[in-house]
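Computed from a predicted structure; not experimentally measured.
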There are 2 protein chains.
Amino acid sequence: MKMSEGVEWALHCCLSLSWVDAGEAVTATKLAAFYDLPAAYLNKQLQALVRAGIVSSAPGPRGGFQLARGLEEITLMDVVSAIEGPRSAFRCTDIRHRGPGGAFIAASETSAGGSRIPCAIAQAMRAAELGWRKHLAAQTIADIKTVIEDRSPNSGDDIRHWLTARSS
Amino acid sequence: MKMSEGVEWALHCCLSLSWVDAGEAVTATKLAAFYDLPAAYLNKQLQALVRAGIVSSAPGPRGGFQLARGLEEITLMDVVSAIEGPRSAFRCTDIRHRGPGGAFIAASETSAGGSRIPCAIAQAMRAAELGWRKHLAAQTIADIKTVIEDRSPNSGDDIRHWLTARSS
DNA sequence: GCAATAATACTCGGATAGAGTCTGTCCGAGTGTCTGGGG
DNA sequence: CCCCAGACACTCGGACAGACTCTATCCGAGTATTATTGC
């Protein structure tokens, strides 16, 4: 169970984009060079953020990516969901209903309407994962930005200058 | 990010093993037949549980697997960790230190001793994942067994009879 | 000098290969059981 | 009848392929810029 590296990339990119002036777009090539990442693949991850409505994109010269909404409106959950997809990590395949074992619970645990009572194991796993998602949804990128600006107040200016410089 | 199916299998197997009498071993073949799973692959997952000390194994005739400790001592976290390994889902590759961007934070965020201050993003992700792990560690398989026995009090007997029958 | 136009360079976006991990399968080492023979 | 030895059948355990997802790359569609040409 490994989370895609694209999540880390996307989070850092959102953070970096927050320092450039509104209306200014940064290209995927520039962001990739800044972090020494493969440009085309980073572009792919940024596309996922576009589809999720987190950043907006513009083609052509002077084009690129910029945040589509305020940092306070972007939670870690939003970014993770955009990159990893909406499906949960634990996926119940209902093995309790397969094979001879299924016969034992079919009578006693199947509700009247025919809809099956969810597996207790799946419920427990889902509850734990929900806790994880709640933690992610409770933190916005603005919170992280605050931490970083506390640590090094001038890094934001440096990053903005580097990303908005015309010649690389 | 998809969790291995082996986790679901292992959880169900632990639950099933809890109903057979102590000292009685159940073979991987039997458990696989019960849930209609590939026997050899299920055996592989059970081996992981053995390495983690959750179940014990015995070779030869009358051999098989049985729980190595009480259900109250087996948390969901134990099983997940046994199957999935100890590594966390989110893995910080420190892209903030790679490329030109690394130069900006090297001076301001590196502590005196040379040890780097952990990335704020990695910290946030790790905190969320820790919340997930805490949820998993807080629930034991005994808890799940209680839920199931509440729903269908006689299923335990059925499962024990099926698993301990000599001829399939 | 100014406006319209065509060529241009640059960007994102999706379609296309390669690597790593998860899933599934096979065979060998080891152990308890059963059968046959001897005392 | 009881004990012992040998063969046997059964189990786990690790080594070996196949499938799927993640990673990485390439090329085409579209757009703002820029140079050129005519007025």
- Note on the structure: Residues pairing under ring-ring contact (aromatic ring centres under 6.0 Å, His included) where one sits in residues 141-160 of chain A, two or more places apart or in two chains, turn out to be none

- Would B:Asp143 and B:Lys145 pass as an ion pair if we require N to O under 4.0 Å? no

- Message: Could you check whether B:Arg96 pairs with B:Asp94 (Lys NZ or Arg NE/NH1/NH2 to Asp/Glu carboxylate O, under 4.0 Å)?
- Response: yes

- Assess the side chains of A:Thr93 and B:Glu8: does a donor N or O sit below 3.5 Å from an acceptor N or O? yes

Could you tell me whether the side chain of [Y] reaches within less than 4.5 Å of the side chain of [X], counting heavy atoms only?
X	Y	value
A:Arg69	A:Asp78	yes
A:Ile141	A:Ser18	no
A:Met125	A:Cys92	no

- Reading nucleotides 11-27 of chain C 5' to 3', which nucleotides get B (base under 4.0 Å from a protein heavy atom), which S (sugar-phosphate only), which -? BSBBB------SBBBB-

- A:Ile83 CD1 to D:dT21 P, straight-line distance once rounded to whole Å: 18 Å

- Listed in order of residue number, which residues of residues 11-22 of chain A have a non-hydrogen atom at under 4.0 Å from DNA chain D? none

- Message: For A:Tyr35 together with A:Trp9, are the ring centres under 6.0 Å from each other?
- Response: no

